[in-house]
Amino acid sequence: MNEVLTLREIENPSDLKERLEAQGWLVIRDAVQSVEQFEHISKLWFSQFHRSATRHDRNQASPDGLSLQVRSSGHLLAHAEGYYRPCLPPPDVGLLWCKTAPKGPGGETSLFDGAAFFTALPRAIAERLENEKVIYELLWSKDRWNLEFSTSSVENIRDIFTENGNIFYEFDKNENLHIHYHAEALVEDAHGQKRFINGLL
């Protein structure tokens with residue numbers, strides 16, 4: 001199946017869904033020319049959207065002018081969008097659009113095959129990931145958890161967390177939220193194949 005398409009070859013959202021489930025990714029060339037068109041098509045195909053709090057109000061260019069650089073040090077490593085958030089399910093699909101391709105090196109978007117990564121792990125590490133959970137430790141200011149959970153109420157957070165035995169949390173006097181979240185390192189695809197969740201090691 002061809003992974004590089006034009007918009008005309010995507011007749012409806014169900015066709016898009018079938019192709020994504022079969023391959024895991026698609027490239028659609030020359031689909032949009034503006035942010036407005038990108039958002040319009042996104043809303044035609046999908047109905048629920050994950051808002052990333054870490055990117056909210058951060059539209060300025062990175063120090064190197066590319067999305068590859070993270071703040072002033074380090075680079076963006078392989079990651080799975082939204083898996084760090086307790087209680088709320090991660091998004092099923094990520095949409096990326098590039099208005100102007102960089103002329104020099106850098107700014108590329110790499111795709112990582114979680115199933116191939118898991119298969120390539122040494123057996124002892126793979127078994128440990130199968131048998132043990134990983135722990136996220138998060139310290140979020142009030143502004144951050146307001147955005148992550150779309151609420152400014154401490155009581156709402158307590159209600160969200162109360163029935164989840166994998167979350168241990170506390171608020172300090174400034175309403176900063178300290179979380180220990182026990183999560184699975186692996187998921188299964190539609191065919192039962194195990195996949196490593198990038199970003200947890």
Side-chain angles (χ1 to χ4, degrees), residues 1-5 10 13 15-29 31 42 45-46 48-55 58 62-64 66-98 101-102 104-140 144 148 164-168 179-201:
M1 187 180 290
N2 182 20
E3 297 95 351
V4 181
L5 307 169
I10 302 293
D15 181 41
L16 179 72
K17 182 175 183 291
E18 288 177 9
R19 288 175 179 268
L20 281 171
E21 287 180 345
Q23 305 169 177
W25 62 276
L26 291 172
V27 174
I28 304 175
R29 294 199 182 280
S42 300
W45 286 342
F46 304 100
Q48 298 179 31
F49 296 88
H50 166 77
R51 179 171 59 173
S52 175
T54 56
R55 294 177 191 149
R58 196 177 290 171
S62 298
D64 63 354
L66 304 169
S67 61
L68 180 68
Q69 187 73 26
V70 180
R71 293 196 178 94
S72 59
S73 63
H75 288 79
L76 188 62
L77 303 177
H79 64 284
E81 292 287 356
Y83 269 88
Y84 61 86
R85 296 198 311 175
C87 297
L88 302 177
D92 296 318
V93 177
L95 301 174
L96 304 173
W97 173 57
C98 178
E108 299 88 353
T109 296
S110 299
L111 299 175
F112 291 81
D113 187 327
F117 187 96
F118 176 68
T119 302
L121 286 171
R123 193 63 233 157
I125 295 177
E127 288 177 356
R128 187 173 179 187
L129 289 173
E130 288 180 289
N131 298 324
E132 299 179 28
K133 291 185 177 182
V134 294
I135 300 173
Y136 286 109
E137 182 176 7
L138 311 166
L139 181 60
W140 287 344
R144 172 70 185 269
E148 291 285 356
N164 191 321
N166 294 319
I167 302 171
F168 304 89
I179 306 172
H180 282 84
Y181 170 42
H182 298 230
E184 300 291 344
L186 305 173
V187 295
E188 290 188 0
D189 64 17
H191 307 290
Q193 185 175 21
K194 290 181 178 177
R195 296 178 176 271
F196 174 70
I197 298 302
N198 298 313
L200 294 188
L201 289 184

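Hydrogens, waters and symmetry mates are skipped; everything else that's a heavy atom, side chains included, is used. The first residue in the sequence is number 1, and the count goes up from there.
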Could you check if a side-chain atom of [X] sits within less than 4.5 angstrom of a side-chain atom of [Y], using non-hydrogen atoms only?
{"X": "Pro86", "Y": "Asn164", "answer": "no"}
{"X": "Phe49", "Y": "Ser42", "answer": "yes"}
{"X": "Gln193", "Y": "Glu188", "answer": "no"}

Please round to the nearest 0.5 Å and tell me the distance separating atom [atom1] of [X] and atom [atom2] of [Y].
{"X": "Leu121", "Y": "Glu130", "atom1": "CG", "atom2": "CD", "result": "10.0 Å"}
{"X": "Leu26", "Y": "Leu95", "atom1": "CG", "atom2": "CG", "result": "10.5 Å"}
{"X": "His180", "Y": "Asn166", "atom1": "NE2", "atom2": "CG", "result": "13.5 Å"}
{"X": "Ile179", "Y": "Ile135", "atom1": "CD1", "atom2": "CD1", "result": "13.5 Å"}

Q: Give the C-alpha distance, both sets of side-chain angles, the deciding distance and a yes or no for side-chain contact (heavy atoms from CB on, under 4.5 Å) between Thr119 and Lys194.
A: CA-CA 9 Å; Thr119 302; Lys194 290 181 178 177; over 6 Å; no
(Q) Minimum heavy-atom separation for Tyr181 and Tyr84, please, with both atom names. (A) CD2-O, 3.7 Å
Q. Can you name the nearest heavy-atom pair linking Pro91 to Gly82, along with the distance?
A. CD-CA, 4.3 Å
Q: Scan Trp25, Trp45, Phe46 and name whichever one has a side chain to side chain contact (heavy atoms under 4.5 Å, CB included) with Val93.
A: Phe46
**Q.** Whether over 12 other heavy atoms sit under 6.0 Å from Arg123 CZ
**A.** yes
**Q.** Arg85 vs Tyr136, side-chain contact (heavy atoms from CB on, under 4.5 Å): CA-CA, chis, key distance, verdict
**A.** CA-CA 9 Å; Arg85 296 198 311 175; Tyr136 286 109; over 6 Å; no
Q: Give me the one residue out of Phe118, Tyr83, Phe117 that meets ring-ring contact (aromatic ring centres under 6.0 Å, His included) with Phe196.
A: Phe117
